[in-house]
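For reference, the structure discussed in these notes is given below.
Below, read A as the first sequence line, B as the second, and so on, with proteins coming before strands; counting in each chain starts at 1.
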There are 2 protein chains.
Amino acid sequence: MAKSKGTKNLDTSTEEKIIQAASKVFTQKGYVATRTRDIAEEAGINLALLNYYFRSKEKLFQLIMAEKLQLLFSVILPIVNNDDLTLDEKIETLVENYINLLVDNPDLPLFVLGEIKANPEGFKDRLQVRKLLQNSSFVRQLRERKPDVEPVHFIVSLLGMTVFPFIAKQVLFADDNTFKMQMEERKVLIAKWAKIMLET
Amino acid sequence: MAKSKGTKNLDTSTEEKIIQAASKVFTQKGYVATRTRDIAEEAGINLALLNYYFRSKEKLFQLIMAEKLQLLFSVILPIVNNDDLTLDEKIETLVENYINLLVDNPDLPLFVLGEIKANPEGFKDRLQVRKLLQNSSFVRQLRERKPDVEPVHFIVSLLGMTVFPFIAKQVLFADDNTFKMQMEERKVLIAKWAKIMLET
DNA sequence: GTCTATACTACGATAGAC
DNA sequence: GTCTATCGTAGTATAGAC
């Protein structure tokens, strides 16, 4: 993932330590609220090294954000474009994989959506989610199954049921353990609900 | 809403102008990203006046946030606690009123949830949403209708379908006009879907 | 109440020794 | 590559004139 220099291939190289720390602090607090000093401390390195390796806070952020977007897309795209999966199979796999990802990265949705809103211009190019979905076999299958409902409505509902609990975690759920347990329960529930939404 | 001094009861008093400006800028950019200078400029007043009226950025923020929480609760609480409404009526009214509120205040969800996550301690007292819901007639009705499903799962799905489009607006929707139109469509769609989720 | 000018602090970034 | 020390800037808040 990181470019491997010829020298010092220890896996916790300073560069990697900074990336790990930045990933953690940025996703927890967002761009403006994180101080480069936080990242340096979290990484256990000196503040000056951060600029030595990544030139600026902004550049480091770009790197982390690209990783996170990649992470989110890598779950969705292979599924919605897989012609070998039935609509129901797509729904099941999507929910299962997405909840797995979010349980491991609960801060991801609020972080990514918050940064996009804070700087919409910076994502105009990288985010053609709409176009990617538009031509997917997922949307094609949705139109076949329910020609009277715009696919976006179903997709937003499916994503909402899946992602929203992680966004509203602090407000709606008590402790971390029951939260994780209930997210496991949701996998089958959402899949079931999504399917009957398509049957009416 | 603002305390009316004896002097100068013009409805765009300086105090009110600052509140309006702060409300706009804070909800758009969040606490850390807004500069008191932004608020002053937006209000068309001098920076020093902000501190004269509200002592600090922090105090002004508390005021705005309290207003916003009040706004969100004022839509939910009267409905979920109304014993005269059937479960289906509650669902319809909740979705209708909430989408109406969010169409007028599209930044509200991301703002409130973002600030709560940024400072969870500051909301420990004010936010007993779980307890308020727990004892509501809404949850009681849900338990009666579907004793085998934890009410939280249904509530999170209902809220997710309703609120999530406003959170992911920038990513999933094109222009503002079709967005508003589609949110109108969603009112009946979500209510319909929520009801069949309770019938299985 | 409203303004100008400024004090104070926090942060990002860099220079320069090792 | 890594550190210490410091510069420059931006932001909150206040002092003091009007």
Which nucleotide sits closest to the side chain of Asn51(B): dT14(C), dA13(D), dT2(D)? dA13(D)
Output yes when at least one side-chain N/O atom of Tyr52(B) is less than 4.0 Å from OP1 or OP2 of dA13(D), else no. no
Testing Leu102(B), Asn97(B), Val95(B) for side-chain contact (heavy atoms from CB on, under 4.5 Å) with Ile99(B), which one passes? Val95(B)
Mind listing the N/O atom pairs, protein and nucleotides 4-9 of chain C, below 3.5 Å?
residue: dT4(C); atom: OP2; partner: Asn46(B); partner atom: ND2; Å: 3.2

Atom CD of Glu15(B) and atom C1' of dT2(C): how far apart are they, to the nearest Å? 15 Å
Nearest-neighbour nucleotide for the Lys57(A) side chain, dG12(C), dG1(D), dC3(C) considered: dG12(C)
Here the distance between atom C1' of dC3(D) and atom CD1 of Ile45(A), to the nearest Å, is 11 Å
Between Thr14(A) and dT2(D), is there a contact of a side-chain N or O with OP1 or OP2 at under 4.0 Å? yes
Whole-Å distance between dG1(D) C1' and Phe54(A) CZ? 14 Å
Restricting to pairs with a member in residues 77-119 of chain B, which pass ring-ring contact (aromatic ring centres under 6.0 Å, His included), not counting sequence neighbours? none
Rounded to whole angstrom units, what separation is found between the CD atom of Glu41(B) and the P atom of dG11(D)? 12 Å
Whole angstroms only, please: what is the CG-P distance between Leu60(A) and dG12(C)? 11 Å
Has Glu89(B) got more than 12 heavy atoms of other residues, nucleotides or ligands less than 6.0 Å from its CD? yes
Enumerate donor-acceptor pairs with a distance under 3.5 Å from any side-chain N or O in residues 142-150 of chain A to protein atoms, sequence neighbours excluded.
residue: Arg145(A); atom: NH2; partner: Asp88(A); partner atom: OD1; Å: 3.3
residue: Lys146(A); atom: NZ; partner: Thr200(A); partner atom: O; Å: 2.4

Please identify each residue that fulfils side-chain contact (heavy atoms from CB on, under 4.5 Å) with Asn51(A), with sequence neighbours left out. none
Residue pairs meeting ring-ring contact (aromatic ring centres under 6.0 Å, His included), one or both in residues 163-200 of chain B, sequence neighbours left out, come to Phe166(B)-Phe179(B), Phe173(B)-Phe179(B)
Neighbour count above 12 (heavy atom, 6.0 Å) for Lys59(A) NZ: no
Quick one, which residues of residues 28-35 of chain A touch DNA chain C with a heavy atom under 4.0 Å? Thr34(A), Arg35(A)
Between dG11(D) atom P and Phe61(B) atom CZ, what is the distance in whole Å? 18 Å
Could you check how far CG of Leu49(A) sits from C1' of dA15(C), rounded to whole Å? 14 Å
Using a strict 4.0 Å threshold on nitrogen-to-oxygen distance, state whether Lys68(A) and Asp107(A) make a salt bridge. no
Taking atom NZ as the centre, does Lys24(A) end up with more than 12 heavy-atom neighbours from other residues, nucleotides or ligands that are less than 6.0 angstrom away? no
Find the distance Asp38(B):CG to dG11(D):C1' and express it as a whole number of Å. 10 Å
Quick one: is Thr36(B) getting a side-chain N or O under 4.0 Å of the dG11(D) phosphate, OP1 or OP2? no
